Amino acid sequence: GCFWCLEAIYVRLQGVLAVHSGYAGGNTANPSYEEVSAWTTGHVEVIEVTFDAEVITCEQILEIFFAFHDPMTRDRQGNDVGTQYRSAIFFTTPEQKTTAEKVIANLEEQHIFAQPIVTEVRPLEMFYPAESYHERYFDRNPDQAYCQAIISPKISKLRAKYSGLLK
C-alpha cells in the first residue's frame, strides 16, 4: 500500500531499472484511483519494480520494503486507512515467493516488529498502471504537505541507513 512512499525509495536504489505505481490484487479491470480509494475494487496500491539482480537482489528489495513500510497493520499505512493500503507482496516467479516467505520468516524469528507481520504474499495476476500524475509523485511535488511530512523523513532515513545502495 501507498505507492508514493515506496516509489520515492526504490527510484533511488542502484540496480533498480524502473518503478511504476499501480494497482494489483483486485477484481476490477483497469481500476481508477477513485475506484480503488472507494474500496470497491479490492486492489492494493502497489509499485512494480524492475531490477538488475546482478546489482541488487530480490532479498534486498524486500528488506527495503520492510524497512520503509508497516507490515503489522491491516488496511493501513500510518494515517492512510483503507483496503488499498494493506501490506502485500505480489510475486511473478516461484523464486520470488520463496524469497518473500524467507524474508518474512527471518523478520519474525528476529522479532524485528512489535506485532506479527500481516503482509499478504500472492501471485501477481494483473498489474494496472496508475494514472500518470502518480508517477514520480514525490520528485514532482517535494513541497506538498504530505510529501514533506511523510515521504521526506523516509528519504532521510534511506540516505542515512542505506547510503551504500543509493544511485
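We count residues from 1, following the sequence as given. Worth knowing before you read on, the calculation uses all heavy atoms, side chains too, and leaves out hydrogens, waters and symmetry mates. Note that the structure is a prediction, hence the values are computed from the model and not measured.
- Distance check, rounded to the nearest 0.5 Å: CD1 of I47 to NE2 of H134 gives 14.0 Å.
- Taking the six-membered ring for Trp and the full ring otherwise, the centers of F3 and Y23 sit less than 6.0 Å from each other.
- Looking only at side-chain heavy atoms (C-beta outward), E131 and S32 come within less than 4.5 Å of each other.
- Both V44 and L124 are members of a single hydrophobic cluster when ILVMFWY side chains are connected at heavy-atom separations under 4.5 Å.
- Within the model, atoms CD of E59 and OG1 of T57 stand 5.5 Å from one another, a figure rounded to the nearest 0.5 Å.
- Note: the hydrophobic cluster containing I104 also contains V49 (ILVMFWY, side chain heavy atoms under 4.5 Å, direct or indirect links).
- Atoms CD and CD, from E101 and Q96 in turn, are 12.0 Å apart once rounded to the nearest 0.5 Å.
- For Q77 (side chain) and D70 (main-chain N/O), a donor-acceptor pair under 3.5 Å exists by modelled atom type.
- Proximity of F68 to K157: side-chain heavy atoms (C-beta onward) are separated by under 4.5 Å at one or more points.
- Scanning all heavy atoms of the two residues, the minimum distance from E135 to V19 falls at OE1-O, 3.6 Å.
- For the residue pair I9 and I64, the shortest heavy atom distance occurs at CG2-CG2, 3.6 Å.
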| side-chain contact (heavy atoms from CB on, under 4.5 Å) between F113 and F66: does it pass, once the steps are laid out? | CA-CA 10 Å; F113 297 102; F66 285 107; 4.3 Å; yes

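- To the nearest 0.5 Å, atom CE of residue M72 and atom OG1 of residue T119 are 10.0 Å apart.
- Looking only at atom types and distance, the side chain of T28 has no donor-acceptor partner in the side chain of H43 under 3.5 Å away.
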| request: Give the intermediate values and the outcome of side-chain contact (heavy atoms from CB on, under 4.5 Å) for residues L158 and L13. | output: CA-CA 9 Å; L158 178 71; L13 298 176; 4.0 Å; yes

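- Across all non-hydrogen atoms, the minimal contact from F65 to I89 is CE2-CG1, 3.9 Å.
- Other residues, nucleotides and ligands contribute over 12 non-hydrogen atoms within 6.0 Å of the NZ atom of K154.
- Contact detail for P71 and S87: the closest heavy-atom pair is CA-OG, 3.7 Å.
- Residues A8 and I155 share a closest heavy-atom pair of O-CD1, 3.5 Å.
- Summarising the geometry, atom CZ belonging to F138 is positioned 5.5 Å from atom CZ belonging to R12; distances are rounded to the nearest 0.5 Å.
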Please tabulate, for the side chains in residues 160-167, all donor-acceptor contacts under 3.5 angstrom to protein atoms that are two or more places apart in sequence or on a different chain.
| residue | atom | partner | partner atom | Å |
| --- | --- | --- | --- | --- |
| K167 | NZ | V11 | O | 3.1 |
| K167 | NZ | V16 | O | 3.2 |

| message | Walk me through whether E45 and S21 qualify under side-chain contact (heavy atoms from CB on, under 4.5 Å). | response | CA-CA 7 Å; E45 287 187 12; S21 295; over 6 Å; no

| task | Take E48 and F90 through the side-chain contact (heavy atoms from CB on, under 4.5 Å) test and state the conclusion after the steps. | result | CA-CA 9 Å; E48 177 185 60; F90 294 92; over 6 Å; no

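- Around CZ of R140, the count of heavy atoms belonging to other residues, nucleotides or ligands within 6.0 Å exceeds 12.
- Residues P116 and E108 have side chains in contact (heavy-atom distance under 4.5 Å, counting atoms from C-beta outward).
- For C2 against Y85, the heavy-atom pair with the smallest separation is N-CD2, 3.6 Å.
- When side chains are defined from C-beta on, Q14 does not count as touching I56, because their heavy atoms never get closer than 4.5 Å.
- The environment of CD in E34 is crowded: more than 12 heavy-atom neighbours from other residues, nucleotides or ligands sit within 6.0 Å.
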Validation: residues 142-153 side-chain donor-acceptor distances under 3.5 Å, sequence neighbours left out:
| residue | atom | partner | partner atom | Å |
| --- | --- | --- | --- | --- |
| Q144 | OE1 | Y146 | N | 2.9 |
| Q144 | OE1 | C147 | N | 3.1 |
| Y146 | OH | D80 | OD2 | 2.8 |
| Q148 | NE2 | P142 | O | 2.5 |
| S152 | OG | C147 | O | 3.3 |

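- Heavy-atom contacts from other residues, nucleotides or ligands closer than 6.0 Å to CE of M126 number 12 or fewer.
- Side chain of R159 to main chain of S156: no donor-acceptor pair is present (N/O by atom type, distance under 3.5 Å, no hydrogens or angles).
- Between the CG atom in D52 and the CG atom in L17 there is a gap of 5.5 Å [rounded to 0.5 Å].
- Among residues two or more places apart in sequence or in another chain, the ring-ring contact (aromatic ring centres under 6.0 Å, His included) test is passed with F91 by none.
- Applying side-chain contact (heavy atoms from CB on, under 4.5 Å) to I112 and the options I117, N106, L107 leaves one that passes, L107.
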